[in-house]
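Since we're looking at a predicted model, the values are computed, not measured.
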Amino acid sequence: MPKEGITPRAQDYSQWYLDIVQQADLADYAEVVKGCIVFKPTGYALWEAIQRGLDDRIKATGHVNAYFPLLIPKSFLMKEAEHVEGFAPEVAEVTRAGGEDLAEPYVIRPTSETIIGYFYSKWVRSYRDLPLLINQWANVMRWEMRTRPFLRTTEFLWQEGHTVHATEEDAERETLLILHDVYADFVEKEMAIPVIRGLKSEKEKFPGALRSYCIEAMMQDGRALQAGTSHNLGQNFARAFDITYTDQHNTIQYAWTTSWGVSTRLIGALIMTHSDDEGLVIPPHLAPTQVVVVPIYRNDAERSTVMEAVQRMTAEWKGRLRFKVDDRDNLTPGFKFNEWELKGIPIRVEIGPKDIEKGSVAIARRDQPGREGKSFVPQEGLTNRLTALLEEIQQALYRRALTFRDARTADVTTYEELKQQVEHGFARCYWAGTTEDEKRIQEETRATIRCIPLDQPQQAGRCIYTGKETTQQVIFARAY
RNA sequence: CGGGGCGUGGCGCAGUCUGGUAGCGCACAGCGUUUGGGACGCUGGGGUCGUGGGUUCGAAUCCCUCCGCCCCGACCA
C-alpha cells in the first residue's frame, strides 16, 4: 500500500529520503537560513536518544564532558598546515561585533581541535596530568556547497572528543577504544546498523591527523555513509599548540592527541538503513516511543470500556516499555495506523470492543508493514510478549541490514569489475596504489576508498589498479 | 562554481502563451453523521500572486532589475 507523499525508493531514492524526513515530521528546512534545518520534536527526540546512548559509553570509557567557545580566533585555525587547508574554504567568519570591526576576526568553529589545543597547552604540565579525556556536545558550522537534511547541513550537532596522551601507543589505544567500544558498539547494538571498521586512506583522512579510523555503513542504494570517525592526531596539534609535558625523567615531551566525533548525520544513516516506502522505521532500542496504543470504539459507552481496559493494560508497562496512547478523538483508527507506521513506531497495539470480549489485542510490527505484520494475541502475558517482540524486531532489523550489505558487497579483481560493482554496492579488492591513483579512480567512477578494513585476509593478491602484489584490501564505494 | 527547475492562502498546484472581479485539491474552524487500514455532508475563515521599477484605462499575466529556494554535478561529517 503506497503511502501518500512518499516517493517509492525504486523510483527516486533521493526524493524518497527527503519525503521521509518531511512526512515523518523529523525536520523542516530552515528556509531563511541557507543550508540549515529545524530539528522538529520528533527528529530531535531521535538525536536525544543517540546522545544518551553515546554519552553513556563515552563516560563508561572514562571521559568527562566540558564545553568550549563557539568562536575561535581566526589565527588559531592557521597554526596547523593541513588543518587550514582542509577547513579554510568552509568556515564562516565573524568580522564585526558591538558596532565595530574586530581587530582579529573569529571563525565559527567547524571543529574544535585548535581552540581546545590552546587550552590543553595551559592545562597539561606533567605526565601525571595525562591522559586528559574530555568530550564536548556542541554545534559546529561548515559552509558546504550542497546540503541535505541530516546528512550534510551548514550547522550540525555532534559530539567531539579531544584527548591528550603521553605516548603514541596510548593515543592509538584511545583512538581504537572509541572506534570499537563507543561508536561501533552503539551504532550496531542500538541503531541496528552494521558497520565496517577501518582505516582511512591518506586521501580521505582528517586534515592534520596521523591516522583516521572510521565506521562505514551501507545505505539502501548501495552507497557508503561514514557514520563515525576517530583520529590519532599524532603530535601534529601538540606541536602547533605547544602541548607539552614533563615526563618521569624531567624531560619536556610533546604530547600525543586524539579527536573523534559523530554527528546528527547518524539520523540520516538511520533513515537510509531501515526505512521503507511506508515511512520511517526506528529500531526499538533507540525508539523514543516503542509501543503505540490505538483504542477503537464506536460510541461513548464503548469508549469508556475500551479506555478502561487500556488503563489496566498500560499500568503494567510503566518503567518497562516506552509507550504512548493515541486517544485523539477526531481521527479514525485507520488514519492513526498509517500515521504511526509513517513515523516508525516499532509496535502498534490495537484494542477494540471485539478484543474486550475475547480478552485479546491486535499487535502490528513495523518491520513488517501493512496487514502482514498484524496478529491477534491474548491480553494475558502481553507485557512479556511485547518486550520479547521488541528485541526480536531489533535483531531482525540488524540482520536484514547485514544481509543486504553482504549481498551488495563483492570481491573484485579487475578494474572493470570495480566500475560495475560501485554502481550498486561495495567493491572489496587488493590495493597498492597511490593517492594519485585513487583520485584518478574517483574521477572515472565517482567511488573512493571508504576504508581499509581492520579485518584483513592473511594472504596476498594483486592490486586492482597497479597489479602489484599486496596483502592489503580496501573497500571502494560511492559515498554520501 | 557549472547545469536544470521553481517562486500564486499553511502545503501541493492551475491560471501567464492570448492583460479584464484570484481559483482548485489537501489542511484548518464550526455543526452533524461516522470510527477494526488514510471517513462523509453542509457552512466558514484565510492570499502584499518573491522584490523594485516600467508599459497600460486596467498587470499574477507583457518588458526590465534584483532577490530567494530546490534538484543534479565538483567539495564535504
Side-chain angles (χ1 to χ4, degrees), chain A residues 1-6 12 14-15 17-19 22-23 28-36 85-91 110-111 140-160 183 200 203-204 206-207 212 214-217 224-231 259-269 278-279 294-300 302-303 306 328-342 348-358 360-362 364 369-374 376 439 442-443 446 448 478-480:
Chain A
M1 190 72 60
K3 281 269 197 299
E4 227 171 81
I6 298 182
D12 183 346
S14 177
Q15 187 59 49
Y17 175 80
L18 296 170
D19 288 347
Q22 291 286 320
Q23 298 293 321
D28 221 353
Y29 290 104
E31 294 172 354
V32 289
V33 189
K34 190 174 161 56
C36 291
E85 207 186 309
F87 284 104
E90 55 190 53
V91 296
T111 180
V140 290
M141 193 166 253
R142 298 181 189 177
W143 218 262
E144 303 286 359
M145 294 176 194
R146 199 180 147 220
T147 57
R148 313 182 69 184
F150 298 118
L151 295 175
R152 175 161 303 105
T153 48
T154 301
E155 180 186 4
F156 59 95
L157 308 179
W158 76 349
Q159 61 68 218
E160 48 178 328
Y183 293 162
K200 282 290 179 193
K203 176 175 172 300
E204 296 286 321
F206 180 75
S212 289
C214 64
I215 51 174
E216 294 282 329
L225 185 99
Q226 180 176 307
T229 46
S230 184
H231 316 289
S259 72
W260 26 276
V262 303
S263 72
T264 35
R265 170 178 250 208
L266 280 179
I267 297 172
E278 312 302 317
V294 178
I296 296 158
Y297 44 80
R298 285 183 298 256
N299 50 50
D300 282 350
E302 282 183 358
R303 181 174 198 275
V306 168
R328 290 175 296 177
D329 231 353
N330 56 329
L331 298 170
T332 61
F335 182 92
K336 294 177 182 176
F337 299 166
N338 275 284
E339 175 166 304
W340 295 117
E341 211 158 71
L342 188 51
R348 181 180 73 245
V349 172
E350 306 166 16
I351 178 162
K354 290 179 213 162
D355 298 301
I356 305 281
E357 252 172 63
K358 293 185 234 165
S360 64
V361 296
R371 289 197 173 86
E372 302 81 63
K374 196 155 149 174
F376 287 86
K439 280 184 184 155
Q442 181 176 14
E443 276 163 28
R446 288 169 51 210
T448 49
R478 291 184 182 158
Y480 273 96

Given the structure, check if the side chain of A:Arg371 and the base of B:G36 hold any donor-acceptor pair shorter than 3.5 Å. no
Between the base of B:G37 and the side chain of A:Glu341, is there a donor-acceptor distance below 3.5 Å?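 Check passes, donor-acceptor contact within cut-off.
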By nearest-heavy-atom nucleotide on RNA chain B, the more 5' of A:Pro149 and A:Ala227 is A:Pro149
Nucleotide of B:A77, B:G36, B:A39 approaching A:Gln226 most closely (side-chain heavy atoms):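 The nucleotide sitting nearest to the side chain is B:A77.
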With the six-membered base ring of B:A77 as reference, does the ring of A:Phe156 sit under 5.5 Å away with planes under 30° apart? yes
Just to confirm, is there a sub-4.0 Å distance from OP1 or OP2 of [N] to any side-chain nitrogen or oxygen of [X]?
{"X": "A:Thr229", "N": "B:A77", "result": "no"}
{"X": "A:Arg446", "N": "B:A74", "result": "yes"}
{"X": "A:Gln442", "N": "B:C75", "result": "yes"}
{"X": "A:Arg298", "N": "B:U35", "result": "no"}

Within this structure, what is the [atom1]-to-[atom2] distance between [X] and [N], rounded to whole angstrom?
{"X": "A:Leu18", "N": "B:C69", "atom1": "CG", "atom2": "P", "answer": "16 Å"}
{"X": "A:Asp28", "N": "B:C70", "atom1": "CG", "atom2": "C1'", "answer": "14 Å"}
{"X": "A:Lys3", "N": "B:G12", "atom1": "NZ", "atom2": "C1'", "answer": "20 Å"}

Enumerate the protein-to-nucleotides 2-6 of chain B contacts in which both atoms are nitrogen or oxygen and the separation is below 3.5 Å.
none

Please check: side-chain N/O of A:Glu204 versus main-chain N/O of A:Lys200, any donor-acceptor pairing under 3.5 Å?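 Not a single qualifying donor-acceptor pair exists.
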With a 6.0 Å cut-off (strictly less than), is the heavy-atom count around CZ of A:Arg298, excluding the residue itself, greater than 12?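 Not buried by this count: 12 neighbours or fewer within 6.0 Å.
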B:U34 pairs with which nucleotide, Watson-Crick or G-U wobble, both distances below 3.5 Å? none
Please name all residues satisfying side chain to side chain donor-acceptor pair (under 3.5 Å) with A:Thr153, sequence neighbours left out, ordered by chain then number.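 Residues passing side chain to side chain donor-acceptor pair (under 3.5 Å) with A:Thr153: none at all.
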Distance-only check: which donor-acceptor pairs under 3.5 Å involve side-chain atoms of residues 259-269 of chain A, not counting sequence neighbours?
residue, atom, partner, partner atom, Å
A:Ser259, OG, A:Glu113, OE2, 2.7
A:Trp260, NE1, A:Glu174, OE2, 3.4
A:Trp260, NE1, A:Thr258, OG1, 3.2
A:Ser263, OG, A:Arg265, N, 3.0
A:Thr264, OG1, A:Leu157, N, 3.4
A:Thr264, OG1, A:Leu157, O, 3.3
A:Arg265, NE, A:Leu151, O, 3.1
A:Arg265, NH1, A:Gln226, O, 3.3
A:Arg265, NH2, A:Tyr480, O, 3.4

